[in-house]
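Scroll down for the structure; my scribbles are underneath it.
Counting convention: from 1, in listed order, for ligands and their atoms alike.
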Amino acid sequence: MGILVQKFGGTSVATAEQRERVLHHIRTALAREYRLVVVVSAMGRKGDPYATDTLLELARQYGNQLAPREKDLLMSCGELISAAVLSSMLSEREIPNCVLTGGQAGIITTGHHNNAQIITVNPKRILRELDEGKVVIVTGFQGQTTDGEITTLGRGGSDTTATALGAALRAEYVDIFTDVEGIMTADPRIVEDAAQLEKVTYTEICNLAFQGAKVIHPRAVEIAAQANIPIRVRSTMSDHPGTLVTNLSEIGRLAGEVRDLTIIGITQMPGVTQVKIRLKQGEYDSQLKVFKAMADAGISVDFISVNPSEIAYTVYDELADQAEAILRDLGLQPELLPQCAKVSVVGAGIAGVPGVMAKISEALTEEDIQILQSADSHTTIWVLVRGGDMVKAVRALHRKFGLHRLHES
Ligand code: ASP
Ligand code: MG
């Protein structure tokens with residue numbers, strides 16, 4: 001019998017009605033004879049009584065003094081409560097189960113409180129409980145150091161718990177149940193006919209910038225990718241299989257052919273300022289000065305492009321004034337263009353496929369959109385456009401690459 005890991009996010013376990021849906025998915029898995037591990041997040045969102053943010057607020061009424069170690073003790077409670085409530089529900093429905101904390105589930109982490117890394121997972125205890133025919137409910141987002149200190153894995157870390165357990169247990173799938181039906185070709189609020197993707201690769205989902213990161217934590221994807229465990233991102237509210245996240249060869253095999261869809265999605269990130277510094281002949285040391293000054297000020301730079309006559313990069317809009325002041329102090333005359341947007345064109349098949357950039361330029365030129373800067377990797381091409389052009393750019397690219405048709409094929 002295969003092992004299945006199901007992870008239910010905060011909204012999925014927030015209300016009795018939602019928990020009936022959780023129960024439905026648990027029953028479905030059991031009917032398919034899976035050995036089942038269920039990972040839960042804390043119930044609800046900020047403002048809900050036992051959500052992680054609400055717990056943090058409780059301590060914050062006395063300021064920001066809570067030490068990281070104690071903060072972990074506080075934050076780990078949310079998942080414990082959620083797991084125990086689910087356990088109670090399963091017991092009432094006569095489904096044998098037990099709850100394990102991260103530490104009890106064998107998740108050993110570094111001692112880096114509030115943002116610990118998993119060092120190893122020892123699934124012995126989980127396997128023993130599964131052998132006894134129980135559904136094993138594991139509190140997400142937490143682990144334990146070798147000294148028995150409770151740690152948490154960074155916000156959104158329940159996904160990481162799920163894929164780390166999936167990897168250690170060689171699970172058949174890790175199902176990430178959330179409040180969307182899956183991964184889309186674009187943000188449906190921008191592109192009306194955005195389609196739901198049946199499958200994407202691990203790299204693609206990480207490159208789907210905000211969208212990808214919102215539905216599943218990138219670190220969780222990385223762990224699944226390393227162990228080659230397929231993930232399904234799916235909705236708690238429906239029985240739809242969602243979006244399968246796996247590696248490229250697997251996708252090709254599933255499709256019975258090598259996949260030729262070059263581009264799978266378009267995403268956007270508004271709110272960045274382009275910084276440009278023109279260099280005079282031989283002013284090479286400016287590069288070092290600029291980036292060192294940004295680093296010293298803790299300003300993260302993106303979209304970096306350096307050539308002998310110019311340095312260009314982006315910073316978040318909020319940090320633009322600070323960046324400008326620093327550059328002026330260095331005796332430079334930066335040009336700043338605020339409120340730009342980074343638009344990403346994502347597809348694992350980009351590398352080696354001619355004409356992708358030509359198509360991007362064509363789509364944007366047709367709409368009179370100027371590309372301010374561009375960059376590329378083997379799975380993504382990024383273009384920087386003015387913020388006012390962002391929506392038009394995303395729609396034009398979505399149309400140009402025929403993404404609305406994906407789901408019909
Ligand atoms: N409850 C934790 C958080 O809000 C972990 C998670 O939900 O994934 O960050
Ligand atoms: Mg999450």
Closest protein heavy atom to atom 6 (C) of ligand 1, given as residue, atom name and distance to 0.1 Å: Ser158 OG, 3.3 Å
Aromatic ring pairing His398/His404, orientation class (parallel under 30°, perpendicular over 60°, tilted between): tilted
Ion pair Asp187/Arg395, N-O distance below 4.0 Å: no
Charged N-O contact under 4.0 Å between Arg328 and Glu324: yes
Location of contacts on His217 toward ligand 1, heavy atoms closer than 4.0 Å: neither
Minimum-distance pair of heavy atoms, taken over all atoms of Leu336 and Ala320: CD2-O, 3.7 Å
Minimum heavy-atom distance Tyr202-Asn247, with the two atoms named: CE1-N, 3.5 Å
Atoms in ligand 1 with a heavy atom of [X] nearer than 4.0 Å:
X	answer
Thr52	1 (N), 2 (C), 3 (C), 4 (O)
Glu79	1 (N), 2 (C), 5 (C)
Ser41	6 (C), 7 (O), 8 (O)
Arg155	3 (C), 4 (O), 9 (O)
Phe141	2 (C), 5 (C)

side-chain hydrogen bond (donor to acceptor under 3.5 Å, both in side chains) partner of Asp175, chosen from His25, Lys7, Arg232: Arg232
Gly154, any N or O under 3.5 Å of ligand 1 N or O: no
Side-chain H-bond candidate by donor/acceptor type, Thr152 with Asn114, under 3.5 Å: no
Residue-ligand contact Gly78/ligand 1, heavy atom below 4.0 Å: no
Ligand 1 contact by Gly140, heavy-atom criterion under 4.0 angstrom: no
